[in-house]
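By convention here, the first residue in the shown sequence is residue 1.
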Amino acid sequence: MPAPLLELRDLQVDFRVDDAWARAVDGVSLTIAAGETLCLVGESGCGKSVTALSIARLLPTPPARYTGGHVLVEGLDTLAMSDKELRSVRGGTVSYIFQEPGASLNPVMRIRDQIKEALHLHRPESADDAEVVRLLKLVGIPAPESRMRDHPHQLSGGMQQRVMIAMALATQPKLLVADEPTTALDVTIQAQILELLLDLKQRTGMAILLITHNLGIIGDLADRVAVMYAGQVVELASAQELLRRPLHPYTKALMRSVPELGHPVPRLTTIPGIVPGPGRWPAGCRFAPRCPIAKPECSAKMPGLSEPEPGRAVRCPFSDEAGS
């Protein structure tokens with residue numbers, strides 16, 4: 001078996017909160033193979049973005065600190081790299097698309113100059129207008145020769161996100177990290193951006209880590225899905241298996257909260273309570289206070305990840321009782 005493109009081993013990340021350290025990511029282990037798409041799903045505050053930013057060590061330290069574990073990109077541990085070594089990983093091997101394109105793009109720089117900046121750093125031989133036009137065409141921006149002279153405020157939200165994707169692709173990365181890439185977009189533009197990511201993956205062969213809280217979008221995109229809750233992975237499975245037969249009570253609750261087209265209901269299903277913040281995790285199973293099948297022993301001992309069948313993992317000893 002070839003080595004994975006990305007491997008997280010027991011990643012632990014803390015943040016300084018007031019006068020104490022609070023853990024935000026607690027023992028996350030994941031792999032992504034070359035050309036694979038892994039979706040990382042869960043509610044806001046589960047640790048998805050912190051996990052993703054840790055891949056290229058983008059979290060400022062302080063207030064963050066990497067307490068333990070390893071992040072292996074092509075076999076090399078980014079947590080042990082110098083700043084100089086990290087420059088080749090950031091953008092070169094791993095590129096990011098962030099949540100809010102309007103906040104990520106420089107408002108005083110033209111689109112052309114922002115894309116060229118990435119090219120100058122990683123592909124200086126291609127840092128010209130022709131390559132900028134090619135990249136803008138690749139992500140479906142019409143009239144790229146004129147659009148590249150625009151400032152970000154002259155573009156719609158969907159166009160801004162396409163520019164962000166073009167910037168990420170400019171370095172020809174092996175792994176694209178897309179952190180909630182459709183959050184601020186309407187549903188029509190969301191579908192276009194997701195279709196674009198799928199098409200680009202097929203054309204370039206890059207791997208994708210897609211972070212989302214929306215289980216409704218993973219069926220057509222993901223090869224595998226990791227579900228996070230309170231800093232931990234609670235379920236891992238192929239996309240088809242997870243959608244067909246989720247195991248963890250939290251995964252099932254997330255799926256029940258997705259409205260179905262053509263099935264009107266008087267009230268949408270919700271998960272009671274909220275995700276506990278770092279430093280405020282309950283004893284034992286962290287989902288127990290919100291879980292419909294919680295037992296007294298769930299609050300006494302933290303369940304580990306078990307493998308009920310090949311290719312699947314779940315952090316719940318009572319998952320068979322959770323219903324559908």
Side-chain angles (χ1 to χ4, degrees), residues 2-7 30-40 52-53 55-56 58 72-76 78 87-99 101 104-105 111-112 114-142 144 147-148 158-182 185 189-212 217-226 238-239:
L5 174 63
L6 170 70
E7 184 177 6
L30 293 170
T31 63
I32 301 179
E36 181 183 28
T37 298
L38 175 71
C39 276
L40 195 57
L53 291 171
I55 295 170
L58 292 178
L72 304 179
V73 177
E74 296 189 307
L76 301 177
T78 62
R87 290 191 195 107
S88 64
V89 174
R90 294 170 174 166
T93 307
V94 183
S95 281
Y96 285 79
I97 304 170
F98 297 104
Q99 292 187 25
S104 301
L105 293 168
I111 297 306
R112 172 180 58 194
Q114 298 193 52
I115 296 176
K116 277 188 177 180
E117 189 173 45
L119 289 169
H120 277 300
L121 287 171
H122 297 281
R123 295 171 56 214
E125 73 284 353
S126 300
D128 53 31
D129 284 359
E131 180 64 5
V132 173
V133 169
R134 187 189 73 83
L135 288 165
L136 293 177
K137 284 182 177 178
L138 185 66
V139 298
I141 290 184
R147 282 299 189 181
M148 71 178 181
M159 287 290 192
Q160 289 177 354
Q161 193 61 284
R162 289 173 186 267
V163 170
M164 286 293 298
I165 297 172
M167 290 175 63
L169 295 177
T171 62
Q172 298 180 344
K174 296 180 181 179
L175 173 63
L176 179 67
V177 180
D179 188 354
E180 301 277 9
T182 61
L185 307 177
I189 303 301
Q190 282 185 33
Q192 292 175 0
I193 294 298
L194 294 172
E195 184 178 353
L196 172 62
L197 289 176
L198 181 61
D199 177 62
L200 290 171
K201 174 196 169 181
Q202 294 171 343
R203 291 163 65 177
T204 65
M206 65 185 176
I208 297 177
L209 174 60
L210 177 63
I211 300 167
T212 182
I217 70 173
I218 67 175
D220 295 329
L221 286 172
D223 298 306
R224 290 187 301 133
V225 181
S238 70

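In this structure, Ile115 and Ala166 approach most closely via the heavy-atom pair CD1-CB, 4.2 Å. Heavy atoms only, all atoms of each residue included: Ala168 and Ser95 are closest at O-OG, 3.0 Å. Here the closest non-hydrogen pair linking Leu38 and Ala226 is CD1-N, 4.0 Å. Residues Ala222 and Cys39 come closest through the heavy atom pair CB-SG, 3.6 Å.
When side chains are defined from C-beta on, Met206 counts as touching Leu200, because their heavy atoms get closer than 4.5 Å. Within the 4.5 Å cutoff, the side chain of Leu6 has no heavy atoms near those of the Leu72 side chain. Between Ile165 and Leu196 there is a side-chain heavy-atom pair separated by less than 4.5 Å. Between Val225 and Leu40, the closest side-chain pair of non-hydrogen atoms is not below 4.5 Å. A 4.5 Å side-chain heavy-atom check between Arg224 and Thr31 finds at least one atom pair inside the cut-off. For the pair Arg112/Arg147, no side-chain contact is recorded, criterion being any heavy-atom separation below 4.5 Å from C-beta on. Residues Arg162 and Gln192 meet the side-chain proximity criterion, which asks for heavy atoms closer than 4.5 Å. Looking at Val163 and Leu105, their side chains come closer than 4.5 Å, going by heavy atoms from C-beta outward.
Under the side chain to side chain contact (heavy atoms under 4.5 Å, CB included) rule, Leu58 has a single partner from Val177, Thr78, Leu53, Val94, which is Leu53. Checking each of Thr212, Ile211, Leu197 against Pro181 for a side chain to side chain contact (heavy atoms under 4.5 Å, CB included) leaves exactly one that passes, namely Leu197. Shown are Asp129, Leu135, Val133; of these, the side chain to side chain contact (heavy atoms under 4.5 Å, CB included) with Glu131 is made only by Leu135.
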Working note: Gln202 + Leu198, criterion side chain to side chain contact (heavy atoms under 4.5 Å, CB included); need CA distance, chi angles, decisive distance, verdict. CA-CA 6 Å; Gln202 294 171 343; Leu198 181 61; 4.0 Å; yes
What do the steps show when you test Leu210 against Leu176 for side chain to side chain contact (heavy atoms under 4.5 Å, CB included), and what is the final call? CA-CA 8 Å; Leu210 177 63; Leu176 179 67; over 6 Å; no
Decide side chain to side chain contact (heavy atoms under 4.5 Å, CB included) for Leu175 and Thr93; before the verdict, give the C-alpha distance in whole Å, the side-chain angles of both, and the deciding distance to 0.1 Å. CA-CA 6 Å; Leu175 173 63; Thr93 307; 5.7 Å; no
Verdict with supporting geometry, Asp128 and Arg134, salt bridge (charged side-chain N to carboxylate O under 4.0 Å, His left out): CA-CA 10 Å; Asp128 53 31; Arg134 187 189 73 83; over 6 Å; no
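Separating the CG atom in Leu221 from the NZ atom in Lys201 is a distance of 8.5 Å, to the nearest 0.5 Å. In this structure, Leu169 CG and Arg203 CZ are separated by 10.0 Å, a value rounded to the nearest 0.5 Å. Once rounded to the nearest 0.5 Å, the distance linking CD of Gln114 with OG of Ser104 reads 10.0 Å. To the nearest 0.5 angstrom, Leu136 atom CG is 10.0 Å from Met159 atom CE. Expressed to the nearest 0.5 Å, how far CD1 of Ile218 lies from OG1 of Thr37 amounts to 12.0 Å. Residue Met164 holds its CE atom at 10.0 Å from CD1 of Ile111, rounded to the nearest 0.5 Å.
Of the possible polar contacts, one joining the Arg123 side chain to the Ala170 backbone as a donor-acceptor pair under 3.5 Å is found. Checking side-chain atoms of Tyr96 against main-chain N and O of Ala56 turns up a donor-acceptor pair under 3.5 Å. Side-chain N or O atoms of His120 include none that pairs as donor or acceptor with a backbone N or O of Ser126 at under 3.5 Å.
The neighbour count for Lys116 NZ, taken as heavy atoms of other residues, nucleotides or ligands under 6.0 Å away, is above 12.
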